[in-house]
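For reference, the structure discussed in these notes is given below.
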Amino acid sequence: QVQLLESGGGLVQAGGSLRLTCTASGDVFAIDSMGWSRHTPGKESEWIGAITRAGSTYVTDSVKARFTISRGRSKETIYLQVNNLRPEDPAVYSCAALATPYHQYNYWGQGTQVTVSS
């Protein structure tokens, strides 16, 4: 089993930046990739992007210009850098992991809230 813990959320002004952290524990050697999604009540969840154990990354086009996914010195720690926050960005940002033998992101953290003020 894999456990995920997010941190770094909070209240920032529009135009500000934030870095979110996700750290995995448990059977971390089974993890193939880790990624981020966000959800706002009343809207569809949006998959932001992911990074594989080999280090390749991708971010959805809707936020690619402002969001960056990277990994720490430990491959079980990843970051989501969010720049130039806009009023539509507030959401619960959740970390997810894909681990053998599964082929979907079936491990999820509880999320960290990002709020934007004007």
Side-chain angles (χ1 to χ4, degrees):
Q1 192 173 9
V2 174
Q3 295 82 42
L4 303 172
L5 179 63
E6 305 98 332
S7 63
L11 174 65
V12 298
Q13 290 187 336
S17 298
L18 210 61
R19 189 180 77 167
L20 309 182
T21 301
C22 174
T23 301
S25 60
D27 192 12
V28 297
F29 295 106
I31 297 174
D32 297 313
S33 63
M34 297 173 62
W36 293 93
S37 70
R38 65 181 181 180
H39 177 73
T40 300
K43 298 178 63 178
E44 295 281 345
S45 297
E46 181 180 26
W47 182 252
I48 296 171
I51 182 168
T52 69
R53 181 171 290 275
S56 61
T57 62
Y58 61 91
V59 176
T60 187
D61 288 343
S62 64
V63 296
K64 186 177 181 179
R66 300 184 295 115
F67 290 15
T68 303
I69 295 175
S70 61
R71 61 177 171 88
R73 295 189 182 276
S74 168
K75 293 184 178 180
E76 286 68 52
T77 298
I78 66 169
Y79 304 103
L80 178 65
Q81 179 71 37
V82 295
N83 295 327
N84 192 23
L85 283 160
R86 302 205 288 247
E88 64 267 27
D89 290 327
V92 174
Y93 287 72
S94 298
C95 179
L98 188 158
T100 301
Y102 305 105
H103 301 286
Q104 297 181 0
Y105 287 86
N106 61 321
Y107 294 104
W108 294 84
Q110 292 187 339
T112 184
Q113 186 177 35
V114 174
T115 304
V116 179
S117 63
S118 302

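In this text the structure is predicted, and so the values were computed from the model without any measurement.
Cluster membership check: Val114 does not share its hydrophobic cluster with Val92, using side-chain heavy-atom separations under 4.5 Å among Ile, Leu, Val, Met, Phe, Trp and Tyr. Under a hydrophobic clustering in which Ile, Leu, Val, Met, Phe, Trp and Tyr are joined whenever their side-chain heavy atoms come within less than 4.5 Å, directly or via other members, Ile31 and Tyr105 fall into different clusters. Transitive grouping of hydrophobic side chains (ILVMFWY, heavy atoms separated by less than 4.5 Å) keeps Leu5 and Tyr93 in distinct clusters. Hydrophobic clustering (ILVMFWY, side-chain heavy atoms < 4.5 Å, transitive): Tyr79 and Val12 are in distinct clusters. Hydrophobic clustering, with ILVMFWY side chains joined whenever heavy atoms are under 4.5 angstrom apart, groups Met34 together with Ile69.
Under a cut-off of 6.0 angstrom, the local environment of OH in Tyr102 is sparse, with at most 12 non-hydrogen atoms contributed by other residues, nucleotides or ligands. When the shell of 6.0 Å around CD of Glu88 is examined, it contains more than 12 heavy atoms from other residues, nucleotides or ligands.
Each of Ile51, Thr60, Ile78 was checked for a side-chain contact (heavy atoms from CB on, under 4.5 Å) with Trp36, and the lone residue meeting it is Ile78.
Here Arg86 contributes atom CZ and Asn83 contributes atom CG; the two are 11.5 Å apart, rounded to the nearest 0.5 Å. Remark: Gln13 CD to Thr115 OG1 distance equals 13.0 Å, nearest 0.5 Å. From Glu76, atom CD reaches atom CZ of Arg53 across 5.0 Å, with rounding to the nearest 0.5 Å. Annotation: the span from Leu20 atom CG to Gln113 atom CD amounts to 12.0 Å, rounded to 0.5 Å. The distance from the CG atom of Leu80 to the OG atom of Ser94 is 11.5 Å, given to the nearest 0.5 Å.
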Given the rule in the side chain to side chain contact (heavy atoms under 4.5 Å, CB included) test, do Arg38 and Val63 qualify, once you have shown the distances and angles that lead to the verdict? CA-CA 12 Å; Arg38 65 181 181 180; Val63 296; 3.6 Å; yes
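Val59 has its side chain within reach of Ile48: a pair of non-hydrogen atoms, C-beta onward, lies under 4.5 Å apart. Between Gln81 and Ser17, the closest side-chain pair of non-hydrogen atoms falls below 4.5 Å.
A distance-only check finds a donor-acceptor pair linking the side chain of Thr40 to the backbone of Pro90 [under 3.5 Å].
Of all heavy-atom pairs spanning Ser37 and Trp47, the tightest one is CB-CE3, 3.7 Å. Of all heavy-atom pairs spanning Asp89 and Phe67, the tightest one is OD1-CZ, 4.1 Å. What you find for His39 and Ser45 is that their closest heavy atoms are ND1-OG, 3.0 Å.
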